[in-house]
Structures are given as structure tokens and as C-alpha cells.
Amino acid sequence: MGILGNLDQYTKFQTANALEEAAQNPGGGMGEGLGMGMGMAMGQRMASTMAGQPAAQPAPAAQPAAPPPLPTAGPQWFLGSGGQQTGPFDEAGLRAEAAAGRLTGGTLVWRAGMASWTAAAEVAELSAVFGSVPPPLPPQG
């Protein structure tokens, strides 16, 4: 078994020498060097099989990466209420938060480009969001 381990190192050494020699002798020597290297690789594979080790398998083809997320339309807003930050929300998300009562005129809001957290009622861009939410019903009585 120890001989097979040394055979692996010897094969790698011989392959490297063959490739170097082939690079120095363009023309006919190149084909011979590559043939020798391929033969040694095959010998190495046979040696590993005889040693009870599975032959090296080719690496699986890389799966294509998932596409990046679609660009967002408009600014992304964050809400601050009760010491908690939520978001990001687009305009539709803000409308849903307002309809659920989690976004009010007193809720702190922030988006990229703003200097600090600001009450939503003070942000002119959000007037359309609050305009789409009906006011609370007057007291019955």
C-alpha cells in the first residue's frame, strides 16, 4: 500500500515534467507530452482503484446562480414605533400599514436621503398614503 502512495506522488511529478517538456518543444513533442500525461493520469486512476479507493469523479457542473432581485420602484421606507424598527416598505406596503393602523401621523418614518427620523405627518411625500385611509368614525351617541 505504501508503494501505491508513492506511485501517486511519482505520477504527479512525471506529469508535471512531461508538461514542462512539451511546452519547451513545440510541434511534435507537444502531442507526445500530452499523451504521456494522459497515460500517467490513467495509471494513477488504476492505482487508486487497486488500492480500494474510488477513482476521482469529475466535479459536478456548477448550477447557475439565482437572478438578482428585481429593482424596487420608489423609495424604501422604515417605520419606528414603540422603540421597534420595521420595514422596508414600498408605497403599497405603507398603505397597508396605514390601513392596519400601524402607520399614523405620529409614527416615525425614515428613508435613504432623510437626515433623521421624522413624524409621518410632517413628510409631504406621505400625504397620499394618509389620504387613502379613511378617518376614524366619529363617536356614536
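Everything numeric here is computed off the predicted structure, so don't read it as measured data.
Residues Leu79 and Arg102 have side chains not in contact (no heavy-atom distance under 4.5 Å, counting atoms from C-beta outward). Inter-residue side-chain proximity for Gln76 and Phe89 is flagged as unmet; no heavy-atom pair is nearer than 4.5 Å. By the 4.5 Å heavy-atom criterion applied to side chains, Leu94 and Leu103 are counted as neighbours.
The two residues Glu91 and Val129 come nearest to each other via the heavy atoms CG-CG2, 4.3 Å. Nearest heavy atoms, Thr107 versus Ser81: CG2-CB, 4.4 Å. Heavy atoms only, all atoms of each residue included: Arg111 and Pro75 are closest at CD-CB, 3.5 Å. Shown here for Thr104 and Ala120, the closest heavy-atom pair between the two residues is O-CB, 3.4 Å. Heavy-atom minimum distance, Phe78 versus Trp117: O-CZ3, 3.5 Å.
Judged by distance alone, with hydrogens and angles left aside, the side-chain atoms of Thr86 form no donor-acceptor pair with the main-chain N or O of Gln84 at under 3.5 Å.
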Take Trp77 and Glu125 through the test side chain to side chain contact (heavy atoms under 4.5 Å, CB included) and record every step on the way to the result. CA-CA 11 Å; Trp77 293 87; Glu125 292 174 78; 3.9 Å; yes
